[in-house]
Amino acid sequence: MSRTILRGRVLTFLSEPQGIDDIASYRYLEDGAITIAEGKIVAVGDYDAAALGDAEVIDHRPNLILPGFIDMHLHYVQSQMIASYAGSLLEWLNTYTFHEEQKFSQQGHASAVATDFYKELIRHGTTTAVAYCSSHPASVDAYFAEAERRNMLMIGGKVMMDRNAPEALCDTAQSGYDDTKALIERWHGQGRALYAISPRFAITSTPAQMEAARALVAQYPECYVQTHLSENDAEISLSMELYPDAPDYTGIYEDYGILGPKTLLGHCLHLNHRETGVLAETGSVAVFCPTSNLFLGSGLFDRARLAKMGVRIGIATDIGGGTSFGMLRTMDEGYKVLQLRGDRLTPLNAFYMLTLGNARSLSLEGSIGAIAPGNAADLVVLDVRATPAMRLRAATLTSLVEELFLLQTLGDDRAIAEVYVAGARAKSTLGGL
Ligand code: GUN
Ligand code: ZN
């Protein structure tokens, strides 16, 4: 069995940091060695030249090696419409998004965009993501086929949407059900692929389609569910008009039985007390999408209130409402959103969220999100001196926490020195893929 050893400064989280000096929440090795065999981590410890055996050693010093970043919500079919100029969510959807997504009925287009989408993920250090495809099954095939080719753990699904969008993008309650079922059978558990049942949001799904979603969730409890919740005031009002019997927006999804520990709810910006309690009780995950929320002027995520009430939280780019594929840029803006809320996010918490935190929110602890034996060797190598401005600032660093804060505040794709997917170099080899 051939083994590879990555040498570098190794950082991985063990638990959610409880403060800026919570040294028990992470493991840090100043001169660490990660031993990899057959795509998995088999050992982690201090580097020991005497214990190398026949292993190949790749020396990443002085860079930091962390678990690969996890992006909990984005739309791969919106890769070519980032930076579309709109005042707010519904205008943005109607003017650009629904037009753009129609192109994905063509398998060739879907495959071409999927290839570039994965390149962007890798370039930015993301090794697992949860994406919406378009309503066309061909877009899902392209998405998972490309993930398989790259050996990546990816989650996604076809959006179900049967109203309030152009005809060419709409399915029906029946076809949305049938297509989703066929795609789950084809892709869920195939290699590293995992399926997310994806009713887009209440506005674009009729009650009949929500019933179909309920049936799918009951039939396939092992699958994820993803949808959007409480992003924008006009969206909330229209949702309540369309579902007048629901107590509130969250109540729509609650009534159709699609909340639960595998349910990922994008945005969650304007939830009332009852809704927040329902998310906590059901174990559903609220996904914070800072660059999107700022770009579309949707609102400021209230992490402290949600966390206090026991809601599970993840963080994501939400491409193409979001404006960067990078989780470092996402965290920079996330930090600023929380500053405006009077909520301090420590750098330890930031990197916890990007790795183990998001893995836990996906119930994938033990597979990804930590550098530990048995986990996949999905890793990112970070260079805090990647740009002139970073190098200038790095000269005054005095601690690991300061280094992390610099990475999240000034870092972008240039700070991602290398990426490993299932033990294989993925960023430096992108030219060949
Ligand atoms: N709500 C429903 N669809 C979408 C989408 O594509 N992007 C965002 N940001 N919100 C949505
Ligand atoms: Zn979204």
Side-chain angles (χ1 to χ4, degrees), residues 13 15-19 22 25 70-74 89 130 201-202 224-233 235-236 239 246-254 258-294 296-318 321-322 327 330-365 369 408:
F13 288 89
S15 60
E16 183 173 357
Q18 299 304 310
D22 183 2
S25 66
I70 300 168
D71 184 346
M72 298 227 354
H73 177 131
L74 79 173
L89 173 68
V130 188
F201 65 160
Y224 293 91
V225 180
Q226 60 178 349
T227 188
H228 297 83
L229 174 64
S230 200
E231 180 175 3
N232 162 284
D233 291 337
E235 172 217 18
I236 296 168
S239 301
D248 42 45
Y249 195 167
T250 303
I252 302 171
Y253 300 144
E254 186 185 11
I258 66 166
L259 298 180
K262 296 204 106 179
T263 300
L264 316 174
L265 301 161
H267 308 297
C268 298
L269 298 180
H270 311 286
L271 301 177
N272 65 32
H273 188 75
R274 194 202 81 85
E275 294 180 282
T276 312
V278 170
L279 296 197
E281 270 163 39
T282 56
S284 305
V285 180
V287 184
F288 177 25
C289 304
T291 72
S292 170
N293 297 160
L294 293 172
L296 292 172
S298 304
L300 303 175
F301 188 77
D302 198 346
R303 183 189 77 121
R305 186 171 72 89
L306 268 56
K308 194 162 166 215
M309 285 189 67
V311 178
R312 298 165 74 210
I313 292 171
I315 186 160
T317 63
D318 191 30
M327 295 308 291
T330 299
M331 196 46 88
D332 178 41
E333 299 211 356
Y335 177 84
K336 293 169 187 170
V337 165
L338 299 181
Q339 284 281 67
L340 289 170
R341 280 281 190 195
D343 180 15
R344 299 294 302 277
L345 185 79
T346 74
L348 290 177
N349 276 89
F351 281 86
Y352 165 80
M353 287 183 85
L354 301 183
T355 57
L356 184 61
N358 274 356
R360 286 179 167 177
S361 294
L362 292 172
S363 309
L364 288 175
E365 187 176 10
Q408 79 180 63

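Throughout, numbering of the chain's residues begins at 1 and tracks the sequence. Because the structure is predicted, anything quoted here is derived from the model rather than measured.
Side chains of Glu333 and Asn293 form no contact here, defined as non-hydrogen atoms less than 4.5 Å apart. A 4.5 Å side-chain heavy-atom check between Met327 and Thr317 finds at least one atom pair inside the cut-off. For the pair Tyr335 and Arg344, the minimum side-chain heavy-atom distance is below 4.5 Å. Counting heavy atoms from C-beta outward, Ile313 and Met353 have side chains that approach closer than 4.5 Å. A 4.5 Å side-chain heavy-atom check between Glu275 and Asn272 finds at least one atom pair inside the cut-off. Two residues are said to be in side-chain contact when any heavy atoms from C-beta on lie closer than 4.5 Å; Leu229 and Leu271 meet this criterion. Put simply, the side chain of Glu16 reaches to within 4.5 Å of the side chain of Gln18, judged on heavy atoms. Counting heavy atoms from C-beta on, the side chains of Arg312 and Ser363 come closer than 4.5 Å.
Partners of Phe201 by ring-ring contact (aromatic ring centres under 6.0 Å, His included), not counting sequence neighbours: none found. Partners of Asn358 by side chain to side chain donor-acceptor pair (under 3.5 Å), not counting sequence neighbours: none found. With sequence neighbours left out, the side chain to side chain contact (heavy atoms under 4.5 Å, CB included) criterion links Ala316 to Asp71, Met72, His73, Val287, Cys289. In this structure Asp332 satisfies the salt bridge (Lys or Arg N to Asp or Glu O under 4.0 Å) test together with Arg329, Lys336, sequence neighbours excluded. In this structure Ala359 satisfies the side chain to side chain contact (heavy atoms under 4.5 Å, CB included) test together with Ile70, Ile368, sequence neighbours excluded. Partners of Ala304 by side chain to side chain contact (heavy atoms under 4.5 Å, CB included), not counting sequence neighbours, listed by chain and number: Asp302, Asp343. Residues forming a salt bridge (Lys or Arg N to Asp or Glu O under 4.0 Å) with Glu254 (at least two apart in sequence, or on another chain): Arg274. A search for salt bridge (Lys or Arg N to Asp or Glu O under 4.0 Å) contacts involving Arg360 returns Glu365, not counting sequence neighbours. By the side chain to side chain donor-acceptor pair (under 3.5 Å) test, Ser284 pairs with Thr282, sequence neighbours left out. With sequence neighbours left out, Thr227 forms a side chain to side chain donor-acceptor pair (under 3.5 Å) with Tyr253. Every residue two or more places apart in sequence or in another chain that forms a side chain to side chain donor-acceptor pair (under 3.5 Å) with Ser292 is listed here: Asp318. Not a single salt bridge (Lys or Arg N to Asp or Glu O under 4.0 Å) links Asp22 to another residue, sequence neighbours left out.
With Tyr249 contributing its side chain and Glu235 its backbone, the two residues share no donor-acceptor pair below 3.5 Å. Thr263 places a side-chain N or O within donor-acceptor distance of the main-chain N or O of Ile258, the cut-off being under 3.5 Å.
The aromatic rings of Phe13 and Tyr352 sit perpendicular to each other, their planes meeting at more than 60°, with 30° as the lower class boundary.
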